[in-house]
Visitor: 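Have a look at this one before I ask anything.
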Amino acid sequence: MEKIKMTTPLVELDGDEMTRILWQEIKDELLLPFVELKTEYYDLGLPNREATGDQVTVDAANAIKKYGVGVKCATITPNAQRVEEYKLSQMWKSPNGTIRAILDGTVFRAPIMVKGISPVVKNWKAPITIARHAYGDVYKASELRVTGPGKAELVFTAENGEETRRTIFEFAGPGVLQGQYNKDDSITSFARACFQYAVDSRQDLWFSTKDTISKQYDHTFKDIFAAIYEKEFKARFEQLGLTYFYTLIDDAVARVIRSKGGFIWACKNYDGDVMSDMVSTAFGSLAMMTSVLVSPDGNYEYEAAHGTVTQHYYRHLKGEETSTNSVATIFAWTGALAKRGELDGLPGLTEFAGKLERAAVATIEGGVMTKDLAGLWEGGQPARAVNSLEFIRAVRATLEGLL
Ligand code: NAP
Ligand code: MG
């Protein structure tokens with residue numbers, strides 16, 4: 001079979017630990033034999049971030065801006081223990097944080113569903129995608145411990161010196177205070193990314209906040225979404241038969257649980273943090289969750305939702321066998337290749353990505369899977385739990401049958 005050609009390079013961001021091992025095996029077994037893979041490679045492994053003073057992360061993010069599509073391996077976010085372990089000169093920032101700050105975007109997370117592993121919520125038949133605004137609110141709040149009686153005020157000083165004041169509370173005793181913010185710019189790009197993703201993936205969009213209680217803050221989110229929808233997306237939604245639906249967060253929670261799935265649920269930063277963990281757990285496993293960062297100017301970065309699976313890596317280093325699930329990392333590659341194919345007008349590449357996804361799913365549905373899934377398996381035949389490389393090779397065998 002002739003290898004599939006690519007025209008524009010995919011920005012490849014390599015990473016750390018067990019996922020770095022899987023990364024290479026996926027390339028060797030599932031990509032290089034079939035695709036004339038064209039990538040611009042950035043090594044975001046912690047040793048190279050240290051060697052380059054983290055410049056490599058910035059360069060990789062800029063390359064995604066240049067070419068439009070990147071695929072990222074999970075990376076270590078250093079803490080004190082990692083500084084020691086890797087003899088780091090600094091506690092380098094989270095690569096995802098750095099990349100997000102440069103690309104400015106929204107994170108979409110969706111479960112990969114397979115027959116034989118059923119969601120805890122029985123009526124969920126199709127994936128629920130969470131779109132999380134990844135800027136501001138409680139994550140950038142200023143907090144104060146109030147130690148005794150006094151008056152708390154909200155004060156805004158305009159550039160011309162004019163002050164706006166609100167009394168928050170007259171404290172008679174100790175308590176707590178918090179001030180948070182967001183920007184119209186960021187909310188607008190969040191809204192655009194959600195509507196665009198709904199159009200691209202042909203799914204309805206739900207958005208929820210608590211605007212009945214938060215009449216200025218959350219209401220601003222609701223108003224900006226409504227305005228962007230009316231101005232930029234309504235016609236396209238109607239043409240495609242899609243729905244945009246706004247409701248209160250508590251109503252949304254009840255409706256999501258009763259739903260069949262198959263839509264995007266856009267959430268503010270904190271709601272998205274909490275709800276994405278609930279949704280992914282209810283669907284089965286973090287190792288079966290895709291994640292893509294979509295920037296307002298149409299750049300895409302695909303990754304797995306899980307981390308570098310450190311405990312498995314330490315076992316691998318000791319020469320022990322591992323059974324690490326590579327599905328989310330495979331889907332990061334297929335998502336990126338399919339998008340590259342779509343942007344470059346290479347249907348063969350997009351088709352290959354689709355077949356590789358089907359091969360991964362079909363392999364599991366055929367009863368061959370890693371240990372994490374074997375424990376959840378309810379399929380007809382007994383599950384055969386295989387090691388990390390055996391699973392990838394089994395996917396290759398299924399893929400060769402499909403090609
Ligand atoms: P993790 O790597 O996601 O792993 C947590 C646990 O979840 C694992 O020990 C394993 O459980 C299970 N698991 C996760 N992915 C799996 C897979 N593909 N196959 C099988 N089991 C899987 O999270 P972590 O241990 O909290 O973090 C490890 C490192 O990853 C940290 O240095 C962190 O900074 C980094 N991290 C990076 C990203 C990213 O780059 N996007 C995201 C999160 C964390 P068992 O051990 O029970 O098998
Ligand atoms: Mg969380």
Side-chain angles (χ1 to χ4, degrees), residues 12-23 25-26 42-50 54 56-57 60-61 70-86 88 91-100 103 105 107-109 111-112 114 117 132 134 273 276-277 280-281 283-293 301-318 320-333 335-336 360 363-364 368-377 383 385-392 395:
E12 174 183 355
L13 288 67
D14 207 345
D16 289 299
E17 300 194 313
M18 200 59 213
T19 39
R20 188 180 179 98
I21 309 276
L22 298 178
W23 194 259
E25 289 173 352
I26 289 168
Y42 292 86
D43 183 1
L44 267 62
L46 192 46
N48 194 47
R49 276 182 275 153
E50 168 70 15
D54 208 22
V56 67
T57 308
V71 56
K72 180 179 171 290
C73 179
T75 47
I76 293 168
T77 297
N79 54 16
Q81 183 260 320
R82 298 297 199 164
V83 170
E84 180 72 14
E85 182 183 357
Y86 283 82
L88 302 179
M91 198 185 290
W92 303 109
K93 283 193 205 144
S94 149
N96 285 335
T98 302
I99 294 166
R100 246 175 245 163
L103 295 180
V107 177
F108 295 87
R109 293 208 157 163
I112 301 156
V114 296
I117 296 171
R132 174 184 170 188
D273 185 352
S276 68
D277 278 13
S280 66
T281 306
F283 268 107
S285 158
L286 202 58
M288 297 292 284
M289 196 80 178
T290 64
S291 183
V292 56
L293 173 72
E301 185 217 21
Y302 293 83
E303 60 169 356
H306 59 77
T308 59
V309 211
T310 311
Q311 296 316 317
H312 294 210
Y313 180 61
Y314 291 157
R315 291 208 286 277
H316 169 84
L317 288 182
K318 282 194 265 169
E320 292 171 23
E321 190 170 84
T322 60
S323 182
T324 314
N325 190 335
S326 49
V327 171
T329 307
I330 294 172
F331 272 64
W333 276 100
T363 301
I364 298 167
V368 178
M369 63 200 79
T370 44
K371 270 188 191 154
D372 56 312
L373 296 184
L376 305 169
W377 181 249
V386 294
N387 71 34
S388 307
L389 185 56
E390 280 168 352
F391 178 75
I392 290 172
V395 173

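On a predicted model such as this, the values are computed, not experimentally measured, just so you know. Start at 1 and go down the list; that is how both ligands and their atoms are numbered.
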Visitor: For Glu390, which residues count as a side-chain contact (heavy atoms from CB on, under 4.5 Å) partner, sequence neighbours excluded?
Guide: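 Listed in chain order: Val386, Asn387.
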
Visitor: With a 3.5 Å distance limit and no angle check, can you tell me whether Arg49 reaches the backbone of Leu44 through a side-chain donor-acceptor pair?
Guide: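 Yes; judged by distance alone, with no hydrogens or angles, the pair exists.
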
Visitor: Is there a side-chain contact between Asp16 and Pro47 in this structure, where contact means two heavy atoms from C-beta onward sitting under 4.5 Å apart?
Guide: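 Sidechains of Pro47 and Asp16: in contact.
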
Visitor: Kindly indicate, with the supporting measurements, whether the criterion side-chain contact (heavy atoms from CB on, under 4.5 Å) is fulfilled by Ser388 and Thr370.
Guide: CA-CA 7 Å; Ser388 307; Thr370 44; 5.7 Å; no

Visitor: Which parts of the protein, at residue level, reach under 4.0 Å of ligand 1 through a heavy atom?
Guide: Lys72, Ala74, Thr75, Ile76, Thr77, Arg82, Asn96, Ala287, Glu303, His306, Gly307, Thr308, Val309, Thr310, His312, Thr324, Asn325, Asp372

Visitor: Using the side-chain contact (heavy atoms from CB on, under 4.5 Å) criterion, which residues pair with Ile112? Sequence neighbours excluded.
Guide: Met288, Thr290, Val327, Phe331, Val361

Visitor: Among pairs that include at least one residue of residues 72-83, which meet salt bridge (Lys or Arg N to Asp or Glu O under 4.0 Å), considering only residues two or more places apart or in two chains?
Guide: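 Listed once each, the pairs are Glu17-Arg82, Lys72-Glu303, Arg82-Glu85.
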
